[in-house]
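First the structure, in the form of structure tokens, and then the observations on it.
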Amino acid sequence: MKNLVVYSSKTGNTRKLAEAIYEYLPAEKEIYPINEAPDPEDYTFVAVGFRIENGEPDQAAQKYLKKFIDEKELFLFATHASKPESEMVKAAMNKAKELAKRARIVGVFDCQGEVPEEVLEEARKQQPVPEWVKDAEEAKGHPKKEDIDRLIKLLNSLDLPL
Ligand SMILES: Cc1cc2nc3c(=O)[nH]c(=O)nc-3n(C[C@H](O)[C@H](O)[C@H](O)COP(=O)(O)O)c2cc1C
């Protein structure tokens with residue numbers, strides 16, 4: 001039984017969730033940033049985390065998710081600036097699910113993630129200003145302890161093959 005956690009994270013928000021999942025999992029377990037991650041095939045359970053960029057899972061995550069070509073147990077998690085219930089988050093999650101076509105999705109989690117001020121400044125210069133920018137104030141400080149608690153509660157409630 002081998003568990004794998006893979007995360008794509010530029011500013012550390014998604015990495016926080018990844019580390020919490022890693023802590024939660026029983027041995028044997030491994031955790032990698034996405035650019036160092038092994039292919040998923042040798043693992044029983046895999047959790048893949050990404051940030052939402054321009055309305056989609058970030059590009060490195062999209063590439064990795066395409067490697068799920070057999071029926072593996074997959075847990076997806078993500079961070080984003082937008083409100084959790086927004087259509088954009090749903091669409092990005094659906095895209096991630098589509099990419100990992102044959103995987104069995106055992107659970108999905110997302111929460112807001114703070115956006116650094118310099119990133120926001122760049123985004124505000126775009127025309128039109130991206131939708132998610134208006135939610136960035138609310139994203140400040142996330143992921144918070146409440147987000148991590150909610151994640152662990154979800155993992156506990158799932159019938160994971162651990
Ligand atoms: C270039 C760029 C594009 C982004 N696009 C979106 C977006 O379309 N929707 C959204 O909700 N958040 C967007 N964000 C915010 C990030 O998804 C959010 O801050 C996330 O928590 C970053 O995760 P990380 O710290 O793991 O890299 C964007 C951030 C950057 C830098």
Side-chain angles (χ1 to χ4, degrees), residues 3-25 29-38 40 45-68 74-100 103 105-158:
N3 300 315
L4 173 67
V5 181
V6 174
Y7 61 91
S8 184
S9 184
K10 223 183 213 165
T11 57
N13 296 331
T14 312
R15 193 185 69 226
K16 281 188 193 158
L17 302 187
E19 286 168 351
I21 295 170
Y22 178 76
E23 287 296 311
Y24 174 85
L25 293 172
K29 56 185 175 179
E30 294 169 22
I31 181 168
Y32 297 95
I34 205 154
N35 56 340
E36 294 169 19
F45 169 77
V46 187
V48 176
F50 55 87
R51 62 181 179 281
I52 297 183
E53 238 180 61
N54 306 322
E56 299 186 333
D58 68 80
Q59 291 303 315
Q62 291 202 29
K63 200 169 158 204
Y64 190 79
L65 287 167
K66 286 182 193 155
K67 296 183 180 186
F68 284 80
L74 172 63
F75 182 82
L76 289 171
F77 60 102
T79 67
H80 47 80
S82 311
K83 289 182 200 294
E85 66 277 11
S86 72
E87 286 305 315
M88 186 234 274
V89 174
K90 281 184 208 153
M93 268 302 173
N94 283 338
K95 174 132 197 181
K97 287 179 190 168
E98 266 168 41
L99 288 167
I105 311 289
V106 292
V108 167
F109 179 86
D110 70 271
C111 72
Q112 284 180 291
E114 178 163 343
V115 188
E117 195 49 46
E118 59 275 18
V119 172
L120 274 179
E121 269 169 36
E122 282 308 306
R124 285 192 196 103
K125 288 180 197 158
Q126 289 175 36
Q127 273 310 326
V129 175
E131 272 283 294
W132 56 268
V133 170
K134 68 173 174 11
D135 294 333
E137 185 61 31
E138 201 186 297
K140 273 192 181 159
H142 288 274
K144 296 184 178 178
K145 183 176 178 299
E146 300 92 272
D147 299 312
I148 305 290
D149 289 349
R150 195 160 53 84
L151 168 62
I152 300 303
K153 204 170 159 193
L154 171 67
L155 289 169
N156 267 325
S157 73
L158 299 172

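Owing to the predicted nature of the structure, the values given are computational and were not obtained by experimental measurement.
Minimum heavy-atom separation, Asp58 to Ser8: OD1-OG, 2.8 Å. The two residues Val115 and Ala136 make their nearest non-hydrogen contact at CG2-CB, 4.5 Å. Looking at every heavy atom in both residues, Ala123 comes nearest to Val129 through O-CG1, 4.1 Å. Pairing each heavy atom of Leu158 with each of Gly107, the nearest pair is CD1-CA, 4.0 Å. What you find for Tyr64 and Pro38 is that their closest heavy atoms are OH-O, 2.7 Å. Residue Thr11 comes nearest to Pro116 through the heavy atom pair CG2-CG, 3.6 Å, listed as atom of the first residue, atom of the second, then distance.
Not counting sequence neighbours, the partners of Glu117 by the side chain to side chain contact (heavy atoms under 4.5 Å, CB included) test are Leu120, Glu121, Arg124. The side chain to side chain donor-acceptor pair (under 3.5 Å) check on Asp135 picks up nothing, with sequence neighbours excluded. Applying the salt bridge (Lys or Arg N to Asp or Glu O under 4.0 Å) test to Glu30 and every residue at least two apart in sequence or in another chain returns nothing. Every residue two or more places apart in sequence or in another chain that forms a side chain to side chain contact (heavy atoms under 4.5 Å, CB included) with Ala103 is listed here: Phe68, Leu74, Ala100. With sequence neighbours excluded, no residue satisfies side chain to side chain donor-acceptor pair (under 3.5 Å) with Asn54. Applying the side chain to side chain donor-acceptor pair (under 3.5 Å) rule to Lys145 yields the partners Asp149; only residues at least two apart in sequence or on another chain are considered. Listed by chain and number, the residues in a side chain to side chain contact (heavy atoms under 4.5 Å, CB included) with Ile148 are Leu17, Ala20, Ile152 (sequence neighbours excluded). Evaluation of the salt bridge (Lys or Arg N to Asp or Glu O under 4.0 Å) rule for Glu122 yields Lys125 as partners, not counting sequence neighbours. Evaluation of the salt bridge (Lys or Arg N to Asp or Glu O under 4.0 Å) rule for Glu114 yields no partner, not counting sequence neighbours. With sequence neighbours excluded, the residues satisfying side chain to side chain contact (heavy atoms under 4.5 Å, CB included) with Lys16 are Pro143. Scanning for side chain to side chain donor-acceptor pair (under 3.5 Å) contacts around Glu19 gives Arg15, with sequence neighbours left out.
In the displayed structure, Lys63 atom NZ is contacted under 6.0 Å by at most 12 heavy atoms of other residues, nucleotides or ligands. When the shell of 6.0 Å around CD of Glu131 is examined, it contains 12 or fewer heavy atoms from other residues, nucleotides or ligands.
Taking NZ from Lys83 and NZ from Lys134, the interatomic distance works out to 7.0 Å, rounded to the nearest 0.5 Å. Remark: Leu4 CG to Ile21 CD1 distance equals 11.0 Å, nearest 0.5 Å. Atom OH of Tyr7 is separated from atom CZ of Phe77 by 9.5 Å, given to the nearest 0.5 angstrom. Separating the NZ atom in Lys97 from the CG atom in Leu65 is a distance of 12.0 Å, to the nearest 0.5 Å.
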Original post:
Would His80 and Arg51 count as a side chain to side chain contact (heavy atoms under 4.5 Å, CB included) if you check the C-alpha gap in whole Å, the side-chain angles of each, and the deciding distance to 0.1 Å?
Top reply: CA-CA 6 Å; His80 47 80; Arg51 62 181 179 281; over 6 Å; no

**OP:** Go through Leu154 and Phe75 one step at a time and tell me if the side chain to side chain contact (heavy atoms under 4.5 Å, CB included) criterion holds.
**Re:** CA-CA 11 Å; Leu154 171 67; Phe75 182 82; 4.0 Å; yes

Subject >> Trace of the side chain to side chain contact (heavy atoms under 4.5 Å, CB included) decision for Phe109 with Arg150 >> reply: CA-CA 9 Å; Phe109 179 86; Arg150 195 160 53 84; 3.5 Å; yes

**OP:** Take Glu53 and Gln59, measure what side chain to side chain contact (heavy atoms under 4.5 Å, CB included) needs, and give me the verdict at the end.
**Re:** CA-CA 8 Å; Glu53 238 180 61; Gln59 291 303 315; 5.9 Å; no

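The closest side-chain heavy-atom distance from Thr79 to Cys111 is below 4.5 Å.
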Show me the donor-acceptor pairs within less than 3.5 Å that the side chains of residues 88-96 make with the rest of the protein, sequence neighbours left out.
| unit_1 | atom_1 | unit_2 | atom_2 | d |
| --- | --- | --- | --- | --- |
| Lys90 | NZ | Glu87 | OE2 | 3.2 |
| Asn94 | ND2 | Lys90 | O | 3.4 |
| Lys95 | NZ | Glu56 | OE2 | 3.3 |

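Remark: the Asn3 side chain and the Tyr22 side chain contain no N/O donor-acceptor pair separated by less than 3.5 Å.
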